[in-house]
Amino acid sequence: MKLNLPKYSSLLLGALFLMTEGCTHRDLNDDAPTKIADNVDVIFNWSKAPDKEAKTMVLYLYSDDHEMMDYRFNNPDGGNIRSYGGPHTAICHSNDDPYGHHLRNQHQHDEIEIFTDETAILVGQNISTRSIPRAKGTEDEPLRNTPSMIYGAQSRDVDLKVSALPQKLELYPEELICRYSVEFVEVENLKKADVRIDATISSLAGGFYPGRMSPGSESVSHTFTLNADLEHNSLNAEFFTFGLPEGKELPHKICLYIALKNRTGGFYTFDVSDQVNKAPDPKNVKIRIHGLKLPDIPDDPLPPQGEGGVSIELDNWDTYYLDLKV
């Protein structure tokens, strides 16, 4: 019989896709069938985050009797897995931004940490972070990117039976990330500045421990970009953070890096500690600052031929420490 190779190749590829579509995980030791839970239905119950936007999930199973097992689901609902039987600690989190979020210590359930990269560029005005001034007392904090939304859950009471019969592992992911908004209102001379203004906020948590369901204790500064609303003379930004460092109450300062149209830079520092530390809802922090006044510079002429854009070096920053209404 003559084989139709293209046809059979297509069938084989389709079968491989179906086998990998639900989740991927490490192989088990099939030489020990008396230790295997062969038919575990993992269910991610989103009752604690009904408006979730997660698309993919990761599950880690920890036991004293074998190495950590990890499973990756390309959907938010779960799937069927094989694992070792016995008591486990289970940790899950969404995995929609694998390039922006990083993991360390994932082989220890109490030490697994999600964190973000250090920031090399203030993206609004394309300024290197190596050349920018910092708020007093925060010079040694790492400058990190803000995270994206992450969902997660943990359970220390998972007991998988050694069986080929169906059994269920249900977890309840929730938001692990805090939402921050920053608004400057009644800004004077805003038209003299670039329409995208870079900023940092200091002394926030550098990561999150899903096995503890708490932020880490490391203090970092996050970078973010404010957008100008010239009609309402305001600056606005919304971003995510890991929240406040565990076990600490620190001062928090916002720094603005404002490129003016005469190619000078204004560096402004604001103490927003009360608005952050005493926020009514620590998961949704709203920071509002009144009365920022930018320099009233002359209208900038066209740049000389061969030049263009804003280029700011450290020596050009004019520094302002302002005590404004909050």
Side-chain angles (χ1 to χ4, degrees), residues 116-136 138-139 141-148 179-204 220-241 252-273 275-276 285-300 303 307-326:
T116 56
D117 279 321
E118 291 198 19
T119 307
I121 295 291
L122 298 181
V123 297
Q125 297 160 99
N126 198 32
I127 301 170
S128 169
T129 57
R130 297 175 61 185
S131 67
I132 62 174
R134 305 284 296 276
K136 293 179 180 179
T138 71
E139 296 90 346
E141 286 188 351
L143 277 174
R144 298 269 184 84
N145 294 323
T146 56
S148 305
R179 303 171 189 269
Y180 275 48
S181 67
V182 176
E183 182 182 23
F184 286 83
V185 298
E186 302 172 9
V187 181
E188 295 187 37
N189 297 323
L190 184 56
K191 293 182 180 179
K192 304 295 185 178
D194 270 5
V195 294
R196 286 167 61 83
I197 294 173
D198 292 294
T200 62
I201 182 169
S202 69
S203 304
L204 297 180
V220 306
S221 292
H222 280 308
T223 60
F224 62 96
T225 301
L226 291 141
N227 292 307
D229 183 341
L230 298 180
E231 181 179 354
H232 298 96
N233 296 315
S234 65
L235 296 168
N236 303 275
E238 294 184 354
F239 51 93
F240 297 118
T241 78
H252 304 280
K253 297 177 182 179
I254 285 180
C255 298
L256 295 188
Y257 303 90
I258 300 180
L260 301 173
K261 292 182 178 178
N262 66 350
R263 296 178 184 79
T264 62
F267 170 57
Y268 297 78
T269 301
F270 311 89
D271 191 324
V272 295
S273 302
Q275 293 197 65
V276 174
V285 176
K286 300 181 185 299
I287 299 170
R288 203 164 193 256
I289 299 173
H290 298 254
L292 171 62
K293 183 176 181 179
L294 304 182
D296 187 11
I297 61 173
D299 289 338
D300 190 42
E307 298 182 16
V310 177
S311 177
I312 297 176
E313 302 297 337
L314 181 61
D315 293 341
N316 296 119
W317 293 108
D318 295 323
T319 303
Y320 305 87
Y321 299 98
L322 302 180
D323 183 16
L324 300 182
K325 294 183 295 179
V326 297

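- Val285 and Gln275 get closest at one heavy-atom pair: CG1-O, 3.8 Å.
- Atom CG of Asn233 and atom CG of Leu294 lie 10.0 Å apart (nearest 0.5 Å).
- A 4.5 Å side-chain heavy-atom check between Thr241 and Ile201 finds every atom pair outside the cut-off.
- Atoms CD1 and OG, on Ile121 and Ser128 in that order, are 5.0 Å from each other to the nearest 0.5 Å.
- Here Ser181 pairs with nothing under the side chain to side chain donor-acceptor pair (under 3.5 Å) rule; sequence neighbours left out.
- Side chains of Phe270 and Ile287 form no contact here, defined as non-hydrogen atoms less than 4.5 Å apart.
- Take Glu183 and apply the salt bridge (charged side-chain N to carboxylate O under 4.0 Å, His left out) test, not counting sequence neighbours, and it matches Arg288.
- Between Leu292 and Ile289, every side-chain heavy-atom pair lies at or beyond the 4.5 Å cut-off.
- When side chains are defined from C-beta on, Leu226 counts as touching Leu256, because their heavy atoms get closer than 4.5 Å.
- Partners of Glu188 according to the side-chain contact (heavy atoms from CB on, under 4.5 Å) rule, which considers only residues two or more places apart in sequence or in another chain, are Lys293.
- Evaluation of the side chain to side chain donor-acceptor pair (under 3.5 Å) rule for Thr200 yields no partner, not counting sequence neighbours.
- Residues satisfying the side-chain contact (heavy atoms from CB on, under 4.5 Å) test with Thr225, not counting sequence neighbours, are Val123, Arg196, Asp198.
- When every heavy atom of Pro295 is checked against every heavy atom of Tyr268, the shortest pair comes out as CD-OH, 3.1 Å.
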(Q) Using the rule given for side-chain contact (heavy atoms from CB on, under 4.5 Å), can you reason through Arg134 versus Leu143, listing the C-alpha separation, both sets of side-chain angles and the distance that settles it, and then say yes or no? (A) CA-CA 10 Å; Arg134 305 284 296 276; Leu143 277 174; 3.8 Å; yes
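- A side-chain donor-acceptor contact under 3.5 Å links Ser202 to the backbone of Lys253.
- Listed by chain and residue number, Asp271 satisfy the side chain to side chain donor-acceptor pair (under 3.5 Å) test with Ser273 (two or more places apart in sequence, or in another chain).
- Here the CG-NE2 distance, from Leu190 to His232, works out to 12.5 Å after rounding to the nearest 0.5 Å.
- Rounding to the nearest 0.5 Å places CD of Glu139 at 9.5 Å from OG of Ser221.
- Contacts of Glu231 classified as side-chain contact (heavy atoms from CB on, under 4.5 Å), with partners at least two apart in sequence or in another chain: Asp229.
- Summarising the geometry of Thr269 relative to Ala135, their closest heavy-atom pair is CG2-CB, 4.1 Å, with the distance given to 0.1 Å.
- Residues Asn145 and Thr119 form a side-chain contact, since some pair of their non-hydrogen atoms from C-beta on lies under 4.5 Å apart.
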Q.
Let's go through Ile197 and Phe184 carefully: what are the C-alpha distance in whole Å and the side-chain angles of both, what is the deciding distance for side-chain contact (heavy atoms from CB on, under 4.5 Å) to 0.1 Å, and is it a yes or a no?
A. CA-CA 12 Å; Ile197 294 173; Phe184 286 83; over 6 Å; no
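- One finds the CD atom of Glu118 at 5.5 Å from the CZ atom of Arg144 (value rounded to the nearest 0.5 Å).
- Shown here for Cys255 and Phe267, the closest heavy-atom pair between the two residues is CB-CE1, 3.6 Å.
- To the nearest 0.5 Å, atoms OG (Ser203) and CD (Glu141) are separated by 3.5 Å.
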Q. What do the steps show when you test Phe240 against Tyr180 for ring-ring contact (aromatic ring centres under 6.0 Å, His included), and what is the final call?
A. CA-CA 6 Å; Phe240 297 118; Tyr180 275 48; 10.0 Å; no
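- Remark: Asn189 engages no residue in a side chain to side chain donor-acceptor pair (under 3.5 Å) (not counting sequence neighbours).
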